[in-house]
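Order of appearance sets the numbers: ligands from 1, and atoms from 1 within every ligand.
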Amino acid sequence: MAATTPSTPPQVRAAQFRAIAAAAATPCYVYDAGAIRAAYTTLDRAFDGYPHAIHYALKANSSLAVVRLLHSLGSHADANSLGEVDVALRLGFRPDQIVFTGVGKSAAEIDRAVSLGLLAINVESPGELDRIDQRAVAQQVKARVALRVNPDIDARSHPHISTGLKSNKFGVPIDEAPALFREMSSRRGLVPVGAHVHIGSQITTLDPLHKAAQAVVALAQALREEGIALQHLDMGGGLGISYDGAPVVDPAEYVRALVAATRGSGLKVAIEPGRVLVGPAGVLLTRVVDVKQFPGAKRFVVVDAGMTELMRPALYNAYHRIEPLARRDGPEATVDIVGPICESTDAYARDRVFPHVEVDDLLVVYDVGAYGAAMGHTYLRRPLPPEVMIDGDQWRIIRRRQTLDELLALETE
Ligand SMILES: Cc1ncc(COP(=O)(O)O)c(C=O)c1O
């Protein structure tokens with residue numbers, strides 16, 4: 001965050017981080033409201049008046065203050081569970097501003113989604129189409145649905161976050177889509193309003209995103225010729241950010257490419273960005289708790305945050321930039337920066353050349369605003385850490401640290 005928020009001088013930011021670490025203790029997530037505003041505005045403006053809706057993907061970070069901020073900017077919502085739908089509703093999103101995606105919606109989820117009258121339930125299979133129709137008929141309503149198509153396009157991202165290939169579990173093969181749209185149009189309980197595609201996350205080249213957009217536009221045009229008129233094309237999320245300084249797609253260029261692909265159809269474009277809106281806006285503050293050197297072998301910097309606070313390195317071998325908050329005199333060393341969890345995969349960095357650090361030093365782990373706190377968990381009975389929102393020269397705790405009593409509150413002995 002510090003490096004990507006030009007408006008705040010680094011020394012001011014460092015002083016804020018020090019004050020936050022003193023008040024909230026570490027580990028602690030810190031988000032910059034200004035960076036979230038700037039990222040949202042960049043995407044929104046790039047549509048340049050073309051009809052669109054930005055549905056923030058709550059899965060990236062559904063902390064209330066973060067989602068509230070995006071709502072205040074005019075964002076709509078993309079929910080991947082009923083819990084996220086309810087968070088969005090609680091924060092003031094109208095049902096017709098929410099799209100609901102999920103590869104395995106339960107009967108209870110379908111029932112409630114139908115009753116809410118969401119903008120679209122994104123349908124993942126012929127079986128789910130049936131189930132939504134049945135529940136809508138039982139409730140004597142018509143559910144607005146979009147079909148999630150799987151275009152068999154390689155997002156060229158990490159295999160664990162690629163979703164648009166035939167071998168992935170998501171959506172229906174795009175060549176089956178016309179028949180399923182016909183089916184949806186014939187059902188008493190359904191109104192097909194859109195087509196949806198989401199081919200993966202952390203996508204760093206424009207081509208797969210552009211191809212996926214062209215595929216759904218072609219589908220919508222073929223459907224229109226048959227008399228099935230959609231209202232929106234939901235192009236999903238997936239735009240990557242630069243964790244390591246390597247080039248990524250410019251967000252405005254991405255939007256312009258989507259608009260260029262869609263303009264001929266005149267259809268409204270929906271997008272579901274998560275990471276690009278909040279990822280660079282967040283850091284994780286963590287403290288060095290040990291430094292140890294195996295003779296003739298590795299040097300370990302052990303910190304008080306681990307895979308419980310940031311799963312991405314353990315899950316995807318993901319790279320995060322890490323820096324000490326203050327520089328010390330002393331030689332650089334090649335180190336593994338590891339967490340305190342009893343799993344060998346609990347490492348934030350391996351064999352990284354790192355400045356000299358000592359026990360109690362504060363480190364800043366960058367770009368954790370997306371899929372950081374949202375994927376946090378309490379393995380080893382580690383209570384969830386606090387979250388802080390900086391806005392200009394002010395900051396506030398938006399989630400206090402969980403207590404052990406709260407962690408155990410649901411259990412009986
Ligand atoms: C259906 C859907 N929409 C949107 C997103 C957000 O993706 P990202 O955070 O990469 O923009 C995801 C995440 O993978 C998703 O599964």
>> Could you measure the distance from the OG atom of Ser185 to the CG atom of Leu190? Nearest 0.5 Å is fine.
In response: 9.0 Å
> Distance from Ser186 atom OG to Phe181 atom CZ, nearest 0.5 Å?
Replying inline: 13.0 Å
> Between the candidates Glu124, Met235, His55, Lys59, which shows the shortest non-hydrogen contact distance to atom 16 (O) of ligand 1?
Replying inline: Lys59
>> Going by the closest heavy atom to atom 15 (C) of ligand 1, which one wins out of Glu272, Gln202, His198?
In response: His198
Please identify which atoms of ligand 1 are closer than 4.0 Å to at least one heavy atom of [X].
X      : result
Arg275 : 8 (P), 9 (O), 11 (O)
Ala57  : 4 (C), 5 (C), 6 (C)
Gly274 : 8 (P), 9 (O), 11 (O)
Gly237 : 4 (C), 11 (O)
Tyr371 : 6 (C), 7 (O), 8 (P), 9 (O), 13 (C)
Asp78  : 2 (C), 3 (N), 4 (C)
Pro273 : 11 (O)

Contact check, [X] vs ligand 1, heavy-atom distance below 4.0 Å:
X      : value
Gly238 : yes
Thr101 : yes
Ala370 : no

> Going by atom types alone, do Thr101 and Asn80 pair a side-chain donor with an acceptor below 3.5 Å?
Replying inline: no
>> I'd like to know if the side chain of Gln134 pairs up with that of Arg131 as donor and acceptor (distance under 3.5 Å, no hydrogens or angles considered).
In response: no
> So His320 and Tyr243, ring pair (Phe, Tyr, Trp, His ring centres under 6.0 Å) or not? Walk me through it.
Replying inline: CA-CA 6 Å; His320 281 266; Tyr243 286 97; 5.0 Å; yes
> Does NZ or CZ of Arg256 come closer than 6.0 Å to the centre of the six-membered ring of Phe47, within 45° of the ring's axis?
Replying inline: no
>> Against the six-membered ring of Tyr366, is Arg321 placed for a cation-pi contact (under 6.0 Å from the centre, within 45° of the normal)?
In response: yes
> Between Arg187 and Asp130, is there a salt bridge with N-O shorter than 4.0 Å?
Replying inline: yes
> Going by heavy atoms in the side chains, are Arg18 and Leu362 under 4.5 Å from each other?
Replying inline: yes
> Between Ile203 and ligand 1, which residue portion shows a heavy-atom distance shorter than 4.0 Å: side chain, backbone, both, or neither?
Replying inline: neither
